[in-house]
**Q** 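Okay, handing you the structure first.
Computed from a predicted structure; not experimentally measured. In what follows, residues are counted from 1 in the order of the sequence shown.
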Amino acid sequence: KNELGEPDASGRRSPKSVSGSEFTLDVDMVIAAIGQAPESFLLADELKVAERGNRIAVEDHNTLVTTLAGVFAGGDAVTGPATAIKAIAAGKRAAISIDHYLRGEDLPKVEPLKEVEVEKLPPRIIEKTRTMVRSREQILSVDSRLAGFDEVASGLREDQAVQEAQRCLHCNLGAYLDQEQCIRCGACVEVCPLEIPSRGEDGKVGIDIFECQACGTCAAECPVQAVKTCFYPPGHTVYAVEKALKGSGITNPFVVGVFSQYGNFSRSHLDSLSQNFPGVVSVTVFGLERVSVSDLLRLFELGADGVLFVEAPADKRPFPETRPLVDRRSAAVKEILDLLGFGGSRLILYTMPEEGLVEGSWLAETIESIKSLGPNPLRKQALAA
């Protein structure tokens with residue numbers, strides 16, 4: 001048990017433990033509500049640092065100097081609960097001030113922080129990008145709260161959290177162009193669903209990294225890999241399959257499943273697929289538009305008997321205008337496989353159901369049809385390599 005102690009110098013009364021009142025209670029959950037105010041009176045009493053309410057007072061919010069020379073303060077202890085970004089900014093300002101102080105120099109004259117207006121995306125980009133509805137946490141009604149001790153705000157389910165993360169358009173992480181490699185063929189200009197790459201009067205192509213939303217379409221289409229994306233390097237899909245193959249230990253006939261991350265599925269769906277169809281090696285990509293013709297052909301070179309190229313449902317794709325390009329790449333791979341005598345039907349383009357990865361009965365039939373084509377003649381070479 002606790003009771004309020006005597007008031008301190010500032011008039012505050014803190015709870016004090018009552019000796020001999022301890023007891024043990026079996027519970028399923030403990031929620032500690034301890035408040036978010038610092039024990040700043042320790043600094044005030046011992047170091048004579050001035051307070052402002054229950055916070056540490058600073059004389060200058062730009063240098064973060066307190067009333068005691070050599071002591072600087074920032075973050076929640078000064079402002080109260082705020083964002084991590086503001087705390088980091090305060091730490092940087094304090095570090096600069098401390099550096100000047102230790103050098104015996106005058107504190108820097110820091111310009112007051114100014115709100116900077118963020119440049120807005122052009123309407124043409126917003127119009128061509130599918131809006132994804134924000135996920136909401138589950139909140140119990142008042143009647144449900146009064147009826148028991150269930151969690152009031154349950155947060156997001158796994159699938160909701162994944163979908164919420166996918167709302168990010170990867171601003172400033174988009175495609176960049178290596179001008180020395182670029183052959184000015186204009187492929188990136190032609191395939192971009194948002195019409196971001198542009199060609200100058202001299203034929204030189206440029207990509208505005210602010211406007212680019214990192215869909216990866218141009219990088220997969222560039223014939224000389226002059227276009228790259230910051231977080232999805234060339235060959236990433238093939239690398240992911242190679243890694244998954246090594247982890248699975250598969251040496252028998254296998255099928256590669258390339259799934260768009262934008263589908264409505266969770267980790268449990270992938271685990272269930274792996275358990276029910278152990279011969280399927282699964283990888284996920286942020287949209288099939290990132291996967292090039294050479295990526296798909298390389299999967300067959302690794303020894304795959306078949307490749308499932310699985311697109312997200314139409315209402316889940318952030319860049320719906322890329323679907324014709326995905327169809328065209330699939331058709332090109334099928335044609336090449338036919339010319340090589342492999343059989344173009346080894347590549348299957350499929351659209352996910354509204355929930356989950358694939359229909360189990362469809363997958364079972366598809367695997368049987370792939371087996372009927374015989375083994376991939378390149379598997380022995382792939383295993384030997």
**Q** Please list all pairs meeting ring-ring contact (aromatic ring centres under 6.0 Å, His included) that have one or both residues in residues 357-377, counting only residues at least two apart or in different chains.
**A**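 Checked against ring-ring contact (aromatic ring centres under 6.0 Å, His included) - neighbours excluded - the pairs reaching residues 357-377 are Tyr350-Trp362.
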**Q** Does Ile85 CD1 have over 12 foreign heavy atoms under 6.0 Å away?
**A**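 At most 12 heavy atoms, drawn from other residues, nucleotides or ligands, come within 6.0 Å of this atom.
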**Q** What are the two closest heavy atoms between Cys215 and Arg290, and how far apart are they?
**A**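 Nearest pair, atom of Cys215 first, then Arg290: O-CG, 3.3 Å.
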**Q** Would you confirm whether Arg317, through its side chain, and Tyr262, through its main-chain N or O, come within 3.5 Å as a donor-acceptor pair?
**A**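 No, because the side chain of Arg317 does not come within donor-acceptor range (under 3.5 Å) of the backbone of Tyr262.
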**Q** Working to the nearest 0.5 angstrom, can you tell me the gap between Cys188 SG and Glu221 CD?
**A**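 Between atom SG of Cys188 and atom CD of Glu221 there are 10.0 Å.
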**Q** Please report the closest heavy-atom contact between Leu302 and Phe254, naming both atoms and the distance.
**A**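 Looking at all heavy atoms of both residues, the closest pair is O-CZ, 3.9 Å.
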**Q** Without swapping roles, check the side chain of Glu359 against the backbone of Pro353 for a donor-acceptor pair under 3.5 Å.
**A**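 Side chain of Glu359 to backbone of Pro353, a donor-acceptor pair under 3.5 Å: no, none is there.
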**Q** Stepwise, does the side-chain contact (heavy atoms from CB on, under 4.5 Å) test hold for Gln160 with Gln138?
**A** CA-CA 11 Å; Gln160 290 178 314; Gln138 304 298 311; 3.6 Å; yes
**Q** With distance as the sole criterion, is a donor-acceptor pair present between the side chains of Ser330 and Asp327 under 3.5 Å?
**A**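 Note: Ser330 and Asp327 side chains miss the donor-acceptor criterion.
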**Q** In terms of side-chain geometry, is the basic nitrogen of Asp338 or Lys334 positioned less than 4.0 Å from the acidic oxygen of its partner?
**A**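 No salt bridge links Asp338 with Lys334.
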**Q** Distance check, rounded to the nearest 0.5 Å: Thr129 atom OG1 versus Phe319 atom CZ?
**A**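 With rounding to 0.5 Å, OG1 (Thr129) is 5.0 Å from CZ (Phe319).
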**Q** Tell me whether Arg298 contacts the main-chain N or O of Ser294 through its side chain, where contact means a donor paired with an acceptor under 3.5 Å.
**A**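 Not a single qualifying donor-acceptor pair exists.
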**Q** If only side-chain N and O atoms count, and only distance matters, is there a donor-acceptor pair under 3.5 Å linking Gln261 with Thr284?
**A**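 Checked: Thr284/Gln261 side chains pair up, N/O donor to acceptor below 3.5 Å.
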**Q** Identify which one of Val58, Val78, Leu107 satisfies the side-chain contact (heavy atoms from CB on, under 4.5 Å) criterion when paired with Phe72.
**A**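 The residue from Val58, Val78, Leu107 that satisfies side-chain contact (heavy atoms from CB on, under 4.5 Å) with Phe72 turns out to be Leu107.
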**Q** Judged by atom type as modelled, is there a donor-acceptor pair below 3.5 Å linking the side chain of Lys228 to the main-chain atoms of Ala175?
**A**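 Looks like no, no N/O pair under 3.5 Å.
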**Q** Hydrophobic cluster mates of Tyr176, side-chain heavy atoms under 4.5 angstrom, ILVMFWY only, any path?
**A**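 Its cluster mates, by chain and number: none.
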**Q** Might you point out which heavy atoms bring Ser260 and Leu288 nearest each other, and give the distance in Å?
**A**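 The pair with the smallest heavy-atom distance is N-CD2, 4.1 Å.
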**Q** Measuring from atom CD1 of Ile196 to atom CD1 of Ile207, what distance do you get when rounded to the nearest 0.5 angstrom?
**A**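 Output value for this atom pair is 8.5 Å.
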**Q** First locate atom NZ of Lys371, then atom CD of Glu368, and finally report the distance between them rounded to the nearest 0.5 Å.
**A**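 Between Lys371 NZ and Glu368 CD, I get 5.0 Å after rounding to 0.5 Å.
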**Q** Keeping the roles fixed (side chain from Glu211, backbone from Ile209), state whether a donor-acceptor pair exists under 3.5 Å.
**A**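 No, because the side chain of Glu211 does not come within donor-acceptor range (under 3.5 Å) of the backbone of Ile209.
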**Q** I'd like to know whether CD of Glu105 has more than 12 heavy-atom contacts from other residues, nucleotides or ligands below 6.0 angstrom.
**A**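 Yes, the 6.0 Å shell around CD holds more than 12 heavy atoms from other groups.
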**Q** Whether the side chain of Asp305 engages the backbone of Pro375 through a donor-acceptor N/O pair (distance < 3.5 Å, no angle test) should be reported.
**A**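 Looks like no, no N/O pair under 3.5 Å.
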**Q** So, taking the atom named CD1 in Ile88 and the one named OG1 in Thr83, what distance separates them when rounded to the nearest 0.5 Å?
**A**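 Reported to 0.5 Å precision, the distance equals 8.5 Å.
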**Q** Does CD belonging to Glu335 count more than 12 external heavy atoms closer than 6.0 Å?
**A**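 Check fails, neighbour count at 12 or below.
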**Q** Heavy atoms only: give me the nearest Val326-Glu311 pair and the separation to one decimal.
**A**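 Looking at all heavy atoms of both residues, the shortest contact is CG2-OE2, 4.2 Å.
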**Q** According to the salt bridge (Lys or Arg N to Asp or Glu O under 4.0 Å) rule, which pairs have a member within residues 181-203, sequence neighbours left out?
**A**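 For residues 181-203, and leaving out neighbouring residues, the salt bridge (Lys or Arg N to Asp or Glu O under 4.0 Å) pairs sorted by first residue read Lys128-Glu195.
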**Q** Ignoring hydrogens and geometry, is there a side-chain-to-backbone donor-acceptor pair from Arg346 to Leu373 under 3.5 Å?
**A**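 Here the side-chain-to-backbone pair exists.
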**Q** Go through the steps to decide whether Val255 and Val281 satisfy the test side-chain contact (heavy atoms from CB on, under 4.5 Å), and finish with yes or no.
**A** CA-CA 6 Å; Val255 173; Val281 179; over 6 Å; no
**Q** Could you pull out the closest heavy-atom pair between Ser282 and Phe259, with the gap in Å?
**A**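 Taking every non-hydrogen atom into account, OG-CE1, 3.6 Å.
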**Q** Which heavy atom in Ala219 sits nearest to a heavy atom in Thr229, and how many Å separate them?
**A**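 Minimum heavy-atom contact is CB-CG2, 4.3 Å.
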**Q** List the steps, then state whether side-chain contact (heavy atoms from CB on, under 4.5 Å) holds for Val258 with Leu308.
**A** CA-CA 6 Å; Val258 180; Leu308 308 177; over 6 Å; no
**Q** Tell me whether Thr79 contacts the main-chain N or O of Gly75 through its side chain, where contact means a donor paired with an acceptor under 3.5 Å.
**A**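 Side chain of Thr79 to backbone of Gly75: a pair is present.
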**Q** Between Arg124 and Glu127 (salt bridge meaning N to carboxylate O under 4.0 Å), is one present in this structure?
**A**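 A salt bridge is absent here (no side-chain N lies under 4.0 Å from a carboxylate O).
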**Q** Does either side chain, that of Ser144 or that of Ser141, offer a donor lying less than 3.5 Å from an acceptor on the other one?
**A**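 A donor-acceptor contact under 3.5 Å links the two side chains.
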**Q** Between His100 (side chain) and Ser97 (backbone), is there a donor-acceptor pair under 3.5 Å?
**A**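 Judged by distance alone, no pair lies under 3.5 Å.
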**Q** Taking Ala95's backbone N and O only, do any of them form a donor-acceptor pair with Asp99's side chain (distance below 3.5 Å, no angle check)?
**A**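 Checking the backbone N and O of Ala95 against the side chain of Asp99, no donor-acceptor pair under 3.5 Å is found.
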**Q** Got more than 12 heavy atoms from elsewhere within 6.0 Å of CD, Glu164?
**A**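 More than 12 within 6.0 Å, yes.
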**Q** Drop me the distance from Arg157's CZ to Ser266's OG, to the nearest 0.5 angstrom.
**A**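 Answer for the CZ-OG pair, Arg157 versus Ser266, is 9.5 Å.
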